[in-house]
Amino acid sequence: MPDYALMNQFLYEGKAPKVEEMTREALAEGSDVEEVLQEGLIAGMSVVGEDFKRNRIYVPQVLIAARAMKAGMAVLKPLLMKQGAETSTATIVMGTVKGDLHDIGKNLVCMMGEGAGFKMVDLGVDQSAESFLQAAREHGAGIVGMSALLTTTMPYMKVVIDAFREAGMDHVKICVGGAPVSEMFADEIGADGYGVDATDAVDLFKSIYPKDSQ
Amino acid sequence: MNGQRPKRTPVMCQLANGHTIINTGVHPIDYFTDNDLWADCLIRMRELYDFDGILCHKPGRVHGIMDQVERTDYDADIPTLFMDDGSRIECTRDDDVYYKPSAEFVRPALDELDLDNLLSWAPKSFIAFQASKATLPISDPDGFEEHVFGTLDRVIDRVGDDYSVHGEVRAPFDHFLNILGMEEGLMALLDDPERSLKIIDRTTDWSIALAVAQIRRGAEAIKISSPFAGSGFLSPDMYEEFILPFEGRLAKAVLEEGKPIYTHTCGAIGDRLDLLCRTGVSGIECLDPPPLGDIDINEAIQSLNGRIFIKGNVDPVNTLLRGDAAKIKEDVTYILGAAEKMDGFILSSACSVAPPAPPDNMKYMVELCREITDQ
Ligand code: B1M
């Protein structure tokens with residue numbers, strides 16, 4: 001049985017080569033891919049999320065942990081893809097809305113989402129309603145996450161929500177976040193959820209991911 | 001700004017470039033390339049708001065940058081300079097300028113950087129763009145060419161006798177992040193703190209040289225632009241390791257020239273006010289109130305009075321951009337009430353004034369400040 005506690009520790013400390021090595025070893029020992037993913041990587045990343053939320057660690061620590069997670073994922077990915085037919089990964093399309101170029105927070109949400117086992121499709125910054133729609137269709141996403149850092153670009157989130165309604169894509173849940181966004185604003189524009197930070201966003205994704213598409 | 005109570009509370013703000021472009025009606029490419037035009041914009045904005053001073057947030061435009069431009073799209077929605085190495089510089093009509101690198105652009109890894117020539121890897125358009133943001137790899141205050149100060153010199157020439165003209169430098173850590181890229185730079189601090197510290201030490205020399213040179217040309221104060229040092233980015237421990245010693249060295253150099261220096265760190269900084277003071281700067285700008293930051297001006301004054309001056313802290317978003325007259329009055333009255341107990345205070349927007357902030361809101365803030373503190 002791999003030492004998952006140690007693997008979690010290495011991930012927390014951002015030791016990418018160690019995480020990669022332990023992932024390979026765990027597979028070589030015959031551990032189940034899904035188990036390595038859950039116990040070795042996702043469990044470690046969830047401690048990172050908790051500690052980030054409580055200001056025990058800050059953005060640089062989250063970034064190196066996400067990089068370590070990625071190193072482990074690179075080993076698992078081909079195997080997970082082989083299993084793809086049985087276990088479809090829950091997909092989330094993320095982007096910063098039109099007119100807004102801030103991406104640091106959105107990138108963190110993507111990293112933490114990946115760390116929690118979601119397939120994150122990162123559209124980048126300055127994204128129009130059409131590109132959110134197109135990406136959600138193309139990737140069969142159950143959630144669309146939007147980030148806005150400007151008061152002037154926040155209202156565009158409603159434009160995207162309306163576009164999804166008009167396109168008959170109400171089944172896609174819409175989550176929003178970013179420094180000026182609040183729970184109240186999210187309710188006002190008819191979003192399905194609001195994440196105050198990256199950890200909260202992931203908790204939100206977990207709680208609202210449409211069950212039938214998981 | 002010598003820590004004493006002036007006869008009335010001065011007021012001046014840092015304006016986002018987009019705010020100035022919108023309110024002067026100039027073309028963004030001219031704004032980005034023409035020293036005289038930009039200097040005149042800064043002066044016009046002071047007149048518009050009746051500020052007591054002008055922040056000249058870069059010393060000048062980049063000499064010869066147009067020699068690298070292959071084609072200019074002046075009329076596009078986003079006017080753009082197409083550079084001869086395949087990169088673009090987008091000069092937005094209501095915001096800032098942005099560098100869009102060519103497809104071949106790759107930043108170096110931390111261990112690939114040449115410590116003696118930190119920009120040796122960079123294409124010339126990137127070097128020119130960084131120069132436009134005041135990242136100039138020069139460590140000697142006498143080592144700059146005259147044209148570097150084209151804007152600052154003109155502003156001082158035209159209005160320096162009547163108004164306080166402040167210069168600005170990027171924080172040493174800001175240069176560092178701009179070389180390595182945001183995420184790589186933040187990770188580098190943990191991957192190889194020793195090498196990161198060496199690089200920040202070099203970039204501190206750049207900030208010092210430019211700050212001292214600006215003082216020697218007549219700037220009355222220096223602002224350190226340090227937006228990545230708040231708790232949205234670094235822990236207090238990392239602040240102590242990667243920011244404090246270097247901004248401290250910068251502060252000391254400017255103070256030795258006989259002028260004040262203040263730091264602009266936006267966002268949440270409540271957990272590091274003490275550390276900020278320990279850099280030895282004369283003042284702190286921003287002190288963003290909630291929700292953008294976490295500072296209550298009364299509490300901040302209690303802990304900072306006598307140690308440092310404050311430039312702040314009207315909420316640029318909820319008050320100046322979106323607020324009505326009642327909200328502006330409420331905030332300004334509250335802040336100036338608290339500032340009465342303070343020995344050095346400049347009324348200002350906390351962070352920069354957003355591009356679409358209504359000019360009438362700005363004028364009202366200034367009017368209130370005069371009304372309340374002129375008595
Ligand atoms: C489900 O979906 C979700 C859920 C949760 C989500 C989510 C999505 N997205 C985010 N979250 C949440 O999780 C993240 C991690 O916990 C958090 O993400 P955040 O993004 O909030 O937090 C990040 C980890 C750290 N925070 C940040 O990255 C923002 C930092 C500050 C300094 C900032 C930066 C860095 C920049 N800026 Co800009 N900038 C400021 C910021 C002031 C400050 N100190 O806060 C802010 C946001 N900027 C502002 C402005 C006005 C501007 N900026 C501009 C430009 C820039 C830079 C390009 C220079 C740079 C962005 C670089 C980049 N690659 O992102 C211009 C606009 C550009 C544009 N069109 O977008 C410009 C107009 C110019 C200016 N500076 O005045 C202000 C916004 C005012 C407003 N609310 O309208 C501002 C508050 C500073 C100010 N002047 O007061 C949560 O919000």
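Bear in mind that the values here come from a model prediction, so they are computed numbers and not experimental data. The sequence lines fix the lettering, A, B, ..., with proteins before strands; numbering per chain opens at 1.
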Measure B:T92 against the heavy atoms of chain A and call it side chain, backbone, both or neither at under 4.5 Å. neither
Most heavy-atom pairs under 4.5 Å with chain B, out of A:I104, A:N55, A:I57, belong to A:I104
Identify which part of B:L234 has an atom lying under 4.5 Å from any heavy atom of chain A, answering side chain, backbone, both or neither. both
Do other residues, nucleotides or ligands put more than 12 heavy atoms under 6.0 Å from B:K327 NZ? yes
Okay, B:D271 and chain A: the region with an atom under 4.5 Å from a heavy atom over there is side chain
Could you look at A:R56 and say if it's the side chain, the backbone, both or neither that has a heavy atom under 4.5 Å from chain B? neither
Answer yes or no: are there more than 12 heavy-atom neighbours, outside A:K77 itself, under 6.0 Å from its atom NZ? no
Please classify the contact between B:P291 and chain A as side chain, backbone, both or neither, with a heavy-atom cut-off of under 4.5 Å. neither
Is B:D94 in contact with chain A via its backbone, its side chain, both, or neither, using a 4.5 Å heavy-atom distance? neither
Out of B:V317, B:L190, B:L321, which one racks up the most heavy-atom pairs below 4.5 Å with chain A? B:L190
Rounded to the nearest 0.5 Å, how far apart are CG of A:L150 and CG of B:D95? 7.5 Å
For chain A, find its close neighbours in residues 174-183 of chain B: heavy-atom separation under 4.5 Å, sorted by number, or none. B:M182, B:E183
Is the count of non-hydrogen atoms from other residues, nucleotides or ligands lying under 6.0 Å from B:D77 atom CG greater than 12? no
Does atom CD (A:Q134) have a neighbourhood of more than 12 heavy atoms from anything else shown, all under 6.0 Å? no
Compare every heavy atom of A:Y58 with every heavy atom of B:S231, then report the nearest pair and how far apart it is. O-CD2, 3.4 Å
Is the count of non-hydrogen atoms from other residues, nucleotides or ligands lying under 6.0 Å from A:K18 atom NZ greater than 12? no
Of all residues at least two apart in sequence or in a different chain, which pass the side chain to side chain donor-acceptor pair (under 3.5 Å) check with B:K133? B:D96
When rounded to the nearest 0.5 Å, the distance separating CG of B:D191 from CG of A:L63 is 10.0 Å
Contacting moiety of A:L101, where chain B heavy atoms sit under 4.5 Å: side chain
